[in-house]
Engineer: 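Pasting a structure below so you can have a look.
Keep in mind that what you see is a predicted model, and the values were worked out from it rather than measured.
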Amino acid sequence: ICSMNYQGTLELSDIGQAVQPLDERLSPEAELELFSRRFMSIAENMGAMLQRTSVSVNVKERLDFSCAVVDADGYLVANAPHIPVHLGSLGICVRSILADYDLQAGDTIVSNHPAYGGSHLPDITLVSPVYTVAGQRIGFVVNRAHHAEIGGISPGSMPPGAKSLAEEGVVINPFYLMKAGKANWKGIEEILTRSPYPTRALAENLADLNGALAANRKGAAELLAMLDNYGIDKLRKFMRLLKEHATQKTIEAIHKYPVAHGYAREYLDDGTPLEVKIIRQEKTYLIDFTGTGGVHGGNLNANPAIVHSVIMYVLRLLLKEDIPLNDGMLEPIELILPEGMLNPPFPDDPFQCPALVGGN
């Protein structure tokens, strides 16, 4: 921190500079990198907490979970390097929940519903808002973990013969696991056990949900510690700058490639087409899935959250730089996703919803 002369004594002229806050002497690029690592560290520590406090093999050993920090509007800011298909859909999940639910301090919502940005039913997501004492929302901490058993017509909750979402397991519409700081374990237990095809491992489900809740509390505490150090304006500034940085890097990566357009058409074994057209525009990519098959009668449907995850992952590979996955990467993407296998409707009745575990 302080320089020493060749005799090992402190140069007094350096003391003033040494005691300045480090961030005030950094370049904007270096400060952005530091904040990127700080946000990523929160997500990594959440993941460590989730792994320690869960009981299932899926979480403790397979590490089939993801944790992230999301801004106040529900856009992914930073994440730990966990499961890619989870990460790209977490922002959509938060924004979908915000459209229908008012999350306040002390709340945590749990859901696995694909209409709210879920992937397949074993992946259960917990969303917790983080507020200042004055009632300003800083952002959200989110985690998604794969439960080895969540009901359905066969153990393991990934039935190959499912024809509807209900047959794949317990469908959890967004539910307040915590409301104003009070937990509702009885309510989630009823959801898990009173569904048409209930869970076969209730104790393990509840234990892993406890671990997921502990992980979100860990993330919220660390985000509030950052708030104490830097204030809400600076946190919001760097959340925005991280997304803008990802947007700019994505645009640069897109324009490194000489091909201005592309087309591909593939088929599932049953002949259902998957079609995509890609057109590079001045600062955007148009990705058009028109021509893809309609809603699939089996479990090979996906949903927009999964499609966004795939696109984000491919863009991340094109970048060839170590930046966090965040929703800024999708800003240059114009997506056309007609109703069908990659964008099916989800009615209120889960027996009328399409199955999708294979589509993931």
Side-chain angles (χ1 to χ4, degrees), residues 50 54 56 58-59 64-68 82-83 85-101 103 108-128 140 142-159 162 164-178 184-185 187-202 204-213 215-216 299 301-306 308-309 344 346-351 353-360:
L50 179 56
S54 297
S56 71
N58 267 17
V59 176
D64 194 345
F65 62 83
S66 294
C67 303
H82 293 146
I83 307 296
V85 75
H86 292 176
L87 297 168
S89 56
L90 288 180
I92 292 177
C93 180
V94 175
R95 296 195 298 276
S96 299
I97 289 172
L98 283 177
D100 292 340
Y101 296 85
L103 277 77
T108 292
I109 273 186
V110 57
S111 179
N112 66 355
H113 202 303
Y116 288 91
S119 44
H120 55 184
L121 297 183
D123 285 340
I124 298 182
T125 305
L126 268 67
V127 178
S128 303
F140 298 84
V142 188
N143 73 72
R144 176 171 290 178
H146 184 116
H147 287 234
E149 167 58 40
I150 195 70
I153 59 176
S154 63
S157 310
M158 299 180 71
S164 72
L165 189 64
E167 292 179 334
E168 294 188 321
V170 176
V171 181
I172 306 173
N173 279 294
F175 173 80
Y176 284 98
L177 182 62
M178 298 282 297
N184 187 0
W185 292 108
I188 192 64
E189 182 175 337
E190 290 178 353
I191 291 173
L192 292 168
T193 56
R194 296 185 181 180
S195 295
Y197 300 100
T199 180
R200 301 168 181 87
L202 177 63
E204 186 172 286
N205 294 142
L206 295 177
D208 282 358
L209 286 172
N210 263 296
L213 189 59
N216 275 14
N299 68 2
N301 298 284
N303 64 346
I306 296 301
H308 279 80
S309 294
F346 290 99
D348 292 338
D349 181 2
F351 281 98
C353 294
L356 47 64
V357 67
N360 274 254

Engineer: Between the main-chain N or O of Gly152 and the side-chain N or O of Glu167, is there a donor-acceptor pair closer than 3.5 Å?
Structural biologist: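 Looks like no, no N/O pair under 3.5 Å.
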Engineer: Is the closest side-chain heavy-atom distance between Asn184 and Tyr176 below 4.5 Å?
Structural biologist: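 Counting from C-beta outward, Asn184 and Tyr176 never come under 4.5 Å.
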Engineer: How long is the gap from OH on Tyr116 to CD1 on Ile97, to the nearest 0.5 Å?
Structural biologist: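 Taking OH in Tyr116 and CD1 in Ile97, the distance rounds to 8.5 Å.
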Engineer: Should we say atom CG of Asp348 is surrounded by more than 12 heavy atoms from elsewhere, each under 6.0 Å from it?
Structural biologist: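 Counting other residues, nucleotides and ligands, CG of Asp348 stays at 12 neighbours or fewer.
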Engineer: Side chains of His147 and Leu209: does their closest heavy-atom pair fall under 4.5 Å?
Structural biologist: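 SC-SC contact between His147 and Leu209 confirmed.
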Engineer: Using atom types as modelled and distance alone, determine if a side-chain donor or acceptor of Asn112 lies under 3.5 Å from a backbone N or O of Val170.
Structural biologist: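 Yes, Asn112 side chain to Val170 backbone: donor-acceptor pair under 3.5 Å.
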Engineer: Are the side chain of His113 and the backbone N or O of Ala115 linked by a donor-acceptor pair below 3.5 Å?
Structural biologist: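 Yes, the answer is positive, given that a donor and an acceptor are paired below the 3.5 Å cut-off.
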Engineer: Determine, stepwise, if the pair Cys93 / Arg144 fulfils side-chain contact (heavy atoms from CB on, under 4.5 Å).
Structural biologist: CA-CA 10 Å; Cys93 180; Arg144 176 171 290 178; 3.7 Å; yes
Engineer: For the backbone of Ile172 and the side chain of Ser111, can you confirm whether one donor and one acceptor N or O come within less than 3.5 Å of each other?
Structural biologist: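 Pair found, side chain donor or acceptor close to backbone of Ile172.
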Engineer: Are any side-chain N or O atoms of Ser89 and backbone N or O atoms of Ala305, one a donor and one an acceptor, separated by less than 3.5 Å?
Structural biologist: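 No; zero donor-acceptor contacts below 3.5 Å.
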Engineer: Under 3.5 Å, is there a donor-acceptor pair between the side chain of Asn299 and the main chain of Val357?
Structural biologist: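 No, the answer is negative, given that no donor and acceptor are paired below the 3.5 Å cut-off.
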Engineer: Verify, without hydrogens or angle tests, whether Glu204 (side chain) and Ser56 (backbone) share a donor-acceptor contact under 3.5 angstrom.
Structural biologist: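 A pair under 3.5 Å: no.
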Engineer: Looking at CG of Leu50 and CG of Leu126, how far apart are the two atoms once the value is rounded to the nearest 0.5 Å?
Structural biologist: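 Leu50 CG to Leu126 CG: 9.5 Å, rounded to 0.5 Å.
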Engineer: Once you round to the nearest 0.5 Å, how far does CZ of Phe65 lie from CG of Asp208?
Structural biologist: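 One gets 11.0 Å once the value is rounded to the nearest 0.5 Å.
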Engineer: To the nearest 0.5 Å, what is the distance between CG (Leu90) and SG (Cys67)?
Structural biologist: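 If I round to the nearest 0.5 Å, the distance is 9.0 Å.
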Engineer: To the closest 0.5 Å, what do you measure between NE2 (His308) and CD1 (Ile306)?
Structural biologist: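 Reported value, rounded in 0.5 Å steps: 11.5 Å.
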Engineer: Report yes or no: does Ser157 contribute a side-chain atom to a donor-acceptor pair with the main-chain N or O of Gly151 at less than 3.5 Å?
Structural biologist: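 A pair under 3.5 Å: yes.
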Engineer: Measure the NE2-CG distance between His146 and Leu121 for me, rounded to the nearest 0.5 Å.
Structural biologist: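 Taking NE2 in His146 and CG in Leu121, the distance rounds to 10.5 Å.
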Engineer: Which is it for Glu168 and His120 under the side-chain contact (heavy atoms from CB on, under 4.5 Å) test, yes or no, and what are the steps along the way?
Structural biologist: CA-CA 9 Å; Glu168 294 188 321; His120 55 184; 5.6 Å; no
